[in-house]
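Below: one structure, written as structure tokens.
Each chain gets a letter, A, B and so on, in the order its sequence line appears, and its residues count up from 1. A quick note: this is a predicted structure, and the numbers were derived from the prediction, not measured.
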2 protein chains.
Amino acid sequence: MARRSITKAAVTKAGTHVTAEDVARTLGVSQSTISRAFSMTASISDEMKLKVIKAANKLGYQPNVIARSLITRRTNMVAIVMANLVDPFYPVVLDELVQQVQSRGFQTLLFVPSPGQDVDDIMPNLLQYQVDAIVLTSATISSAMARICAARDTPVVSFNRYVPGLQIHAVSSDNIAGARQVADFLVATGHERPAFISGERDATTNRDRRNGFVSRLKQLKMNSCIQEEGGDFSYEAGYAATKRLLRRAGHPDALFFACDVMAIGGIDAARELGISVPEDISIVGYDDVPMAALPSYSLTTIRQPIREMAKAAVDVLDLAEPRGMKSGPTTRMIPGSLITRSSTMNRRAPVRVGKASRR
Amino acid sequence: MARRSITKAAVTKAGTHVTAEDVARTLGVSQSTISRAFSMTASISDEMKLKVIKAANKLGYQPNVIARSLITRRTNMVAIVMANLVDPFYPVVLDELVQQVQSRGFQTLLFVPSPGQDVDDIMPNLLQYQVDAIVLTSATISSAMARICAARDTPVVSFNRYVPGLQIHAVSSDNIAGARQVADFLVATGHERPAFISGERDATTNRDRRNGFVSRLKQLKMNSCIQEEGGDFSYEAGYAATKRLLRRAGHPDALFFACDVMAIGGIDAARELGISVPEDISIVGYDDVPMAALPSYSLTTIRQPIREMAKAAVDVLDLAEPRGMKSGPTTRMIPGSLITRSSTMNRRAPVRVGKASRR
DNA sequence: GACTAAATTGCATGCGTATGCAGACCATCC
DNA sequence: GGATGGTCTGCATACGCATGCAATTTAGTC
């Protein structure tokens, strides 16, 4: 007893790793039977199934999904790539996506590219994990990588961004339509010198919002839309761009920002310059992040229907379908809705009211 | 040719699932060699290694980490359980945790309990994935579950919350010390009627912050600390509690909230009541969420050193150690620091300044 | 050139599970 | 009673890779 021999029993005891084999042995049945007890489809008598479940609970047996994956070629894992967790828009997105994934019995493998790391760089790493599907948020992959995924029958959906030529799914809100709503709204409420402050220049979200806004203004016979480059979608970018813009002569009377966080930076910048919102200038964002509803900002914005978008994104992955039976690339655009708050005001009405009150 | 026979080649071609076996065949070597080419430790000639890597790239071969896990008994996955993604504190936490996990060559399996779901409910599900370690944020597990994890040699660390008797690791900021700093600061700046607004009543974070605050006030001979129950850590709770509190007679001159989000709700509530911050009342939060730095709130608060905490949390998991060689449960408390902004003011100095300016 | 030691490679096996196939068992019917 | 059909279970194998051991090659030495 002094010298310890490493027997199988000892190892099992130490590792406390209960396998189907162990359960089978205590019950005097085959391992197959244990497997079938935990399968939905396999044929097994209710009586036996119950016996197995009971024994499994007693021994603390849980099927090893890793081993299962090897055979079934499905890991029940969905990779979610989040390029950005800091912008308050994305935690909400992540939350909804994860809920959708989990509600379908899948789990989330989360990837956050380190600063300076491209999505293409982490894709190989990600594919090694044999995930059943991939969700990219605010990021795109190369067409070469898209082809690799297609060859592996691993569906990819791009959330909130799309690349026209790319053979992957895309779900996004209808940014063009949203931006048009903003244009309509600002014109209807008597604004005459609107400006657009862009975020990340080449992002489709940015381009669509700008183009939708500018082109709709033109349709409404308002040809001059000031444009200012923010550089990225951050608070700081919105703040800095607003300062630059408002220090120049010929103030706009309305600012439409590429996203809410920028707009909030814009509000703070305007206030610092002693320009009051909305009396002197109206401010509109895009996304409807939780912060936009706070009384201190009360930002008029376009609400992105995140829950619906997340549902659409996960739906399009066809998680229930076996490999090779997936549908072709789909693009879904989901319309947003204008949420009017007090960062904007009607510049027609106040004139009449003002006159009336002064008489 | 009309009838297609399902040969192995055909299947391989269709599935495009390249295995080590495939690479071995094209090179005329054994599968073991391929395996060794992708291992750090195994012995293989540089020449052969190069040949294998080249062939692997050409065929698009990537080792299947799932299959590897079956042998090595390590999945290189860390489960992170996030009970809350909405509070702006947690996206930052998640970001830092994921960075830490990834920088060690591990991946993150993210679990978000659905509303009404307990952490204990999802643990079995989580353990099935054979994760190498578990990080719980703002959540605790039962001692029974802790024992199961211990038996499996799966280290668990509780982030930002701890349960004294539980045999799991814990990393949190030193909430008692932080709250004491707030007490010291408020007294030093001449506040005389401080109040504490609590969040989730039984959370250790809440209890420690309240107790640290109240006990320190007593030490400083300030025996009356008003207390108000928020109920949870939300904006709404902070807002509602503040309204209740400030409508009653005998205003406090300083409010210390259990967390920043509540404090921000408190600021908005005070402003709505026409009570100005900080002139009429000082407001202090806890966490230093990004929002606290915005000019519209500019919240005095205790900064939690999230990066350091995340590093400590992942360090304590001993990811590099093989199973069975893990260290015993550790509790680490990391001190925070007071960040003074303009939601508080010195109630001693202004008197003098006021008199001076009026002379 | 022969021998030893070291480096490299192949062979065989196992990780824990799912599943096709065949056998065992039971009930039903003519 | 034998044949038929159906249900359930066990056997054997495979998933893709890592690794101990044996076989082989290479280098090094006298």
Side-chain angles (χ1 to χ4, degrees), chain A residues 6 8 11-12 15-52 55-56 59-76 127-132 152 322-323, chain B residues 6 8 11-12 15-25 27-52 55-56 59-76 127-130 132 152 322-323:
Chain A
I6 300 179
K8 177 144 193 185
V11 170
T12 304
T16 319
H17 216 77
V18 190
T19 72
E21 193 64 51
D22 297 329
V23 182
R25 213 175 307 123
T26 70
L27 247 52
V29 300
S30 75
Q31 175 266 323
S32 317
T33 300
I34 312 304
S35 169
R36 288 195 251 261
F38 286 89
S39 151
M40 305 289 108
T41 55
S43 99
I44 184 173
S45 68
D46 293 347
E47 180 191 25
M48 178 62 88
K49 190 165 188 168
L50 214 71
K51 252 179 28 187
V52 171
L59 296 180
Y61 169 74
Q62 292 272 103
N64 182 330
V65 299
I66 295 298
R68 173 182 293 167
S69 300
L70 204 54
I71 301 244
T72 60
R73 298 171 159 290
R74 316 199 86 226
T75 53
N76 275 25
L127 289 171
Q128 288 194 318
Y129 278 84
Q130 317 293 119
V131 294
D132 293 339
R152 298 177 56 130
R323 296 188 106 77
Chain B
I6 300 178
K8 178 146 193 185
V11 170
T12 304
T16 318
H17 216 78
V18 189
T19 72
E21 193 63 51
D22 297 328
V23 182
R25 212 176 308 120
L27 248 51
V29 300
S30 77
Q31 175 266 320
S32 319
T33 302
I34 311 304
S35 169
R36 288 193 252 260
F38 286 89
S39 150
M40 305 288 109
T41 54
S43 100
I44 185 173
S45 68
D46 294 345
E47 179 192 26
M48 178 62 89
K49 191 165 187 168
L50 214 71
K51 251 178 31 186
V52 171
L59 296 180
Y61 169 74
Q62 292 273 104
N64 182 330
V65 300
I66 296 297
R68 174 182 293 168
S69 301
L70 204 54
I71 303 240
T72 60
R73 299 173 158 289
R74 314 199 87 227
T75 52
N76 274 27
L127 288 171
Q128 287 194 318
Y129 278 85
Q130 317 292 119
D132 292 338
R152 297 177 55 128
R323 299 188 102 79

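Among the atoms of the strands shown, only primed sugar atoms or phosphate atoms (P, OP1, OP2) are found under 4.0 Å from some heavy atom of A:Thr19. B:Val65 comes within 4.0 angstrom of nothing in the nucleic acid, heavy atoms only.
The interatomic distance linking A:Arg73 (CZ) with D:dG16 (C1') rounds to 9 Å, in whole Å. For the pair B:His17 NE2 and D:dC15 P, the computed distance is 11 Å after rounding to whole Å. In this structure, A:Ile71 places its CD1 atom 5 Å from C1' of D:dC15, rounding to the nearest Å. In this structure, B:Ile66 places its CD1 atom 11 Å from P of D:dC17, rounding to the nearest Å. Atom-to-atom, CD1 of B:Ile34 to P of C:dT9 comes out at 11 Å; the value is rounded to the nearest Å. Taking atom CZ of residue A:Arg74 and atom C1' of nucleotide C:dT19, one finds them 17 Å apart after rounding to whole Å. Going from atom CD of A:Gln128 over to atom P of D:dA18 covers 10 Å, rounded to whole Å. Between A:Asn76 atom CG and C:dT17 atom C1' the separation is 14 Å, expressed in whole Å.
Using a 4.5 Å cut-off on side-chain heavy atoms (C-beta onward), B:Val65 and B:Asn76 make no contact. B:Gln130 is listed as a side-chain neighbour of B:Arg152, based on a closest heavy-atom distance under 4.5 Å. Contact of the B:Asn64 side chain with the B:Thr19 side chain is not registered, since no non-hydrogen atoms from C-beta on lie closer than 4.5 Å. Looking only at side-chain heavy atoms (C-beta outward), B:Met48 and B:Arg36 stay at 4.5 Å or farther from each other.
When all heavy atoms of A:Tyr61 and A:Ala20 are compared, the pair lying nearest together is CE1-N, 3.2 Å. Of all heavy-atom pairs between A:Ala55 and A:Val23, the closest is CB-CG1, 4.1 Å.
Near DNA chain D, defined here as any heavy-atom distance below 4.0 Å, the residues from residues 36-48 of chain A are A:Arg36, A:Ser43, A:Ile44, A:Ser45, A:Met48, listed numerically.
From one end of the helix from C:dG1-D:dC30 to C:dC30-D:dG1 to the other, with five pairs defining each end axis, the axis direction shifts by 40° (rounded to 10°).
Looking at residues two or more places apart in sequence or on another chain, you find a side-chain hydrogen bond (donor to acceptor under 3.5 Å, both in side chains) between B:Thr41 and B:Ser39.
Salt-bridge annotation for A:Arg25 and A:Asp22: present, with a side-chain N of the basic residue lying under 4.0 Å from a carboxylate O of the acidic one.
Dashed line: the shortest gap from a side-chain N or O of A:Thr33 to OP1 or OP2 of D:dG10 is under 4.0 Å.
Between atom OG1 of residue B:Thr75 and atom CZ of residue B:Arg68 there is a gap of 12.0 Å, rounded to the nearest 0.5 Å.
Distances were taken from every side-chain heavy atom of B:Leu70 (C-beta onward) to each of D:dC17, C:dC15, C:dT17; the shortest belongs to C:dC15.
A donor and an acceptor atom sit less than 3.5 Å apart, one in the side chain of B:Ser32 and one in the base of D:dT19.
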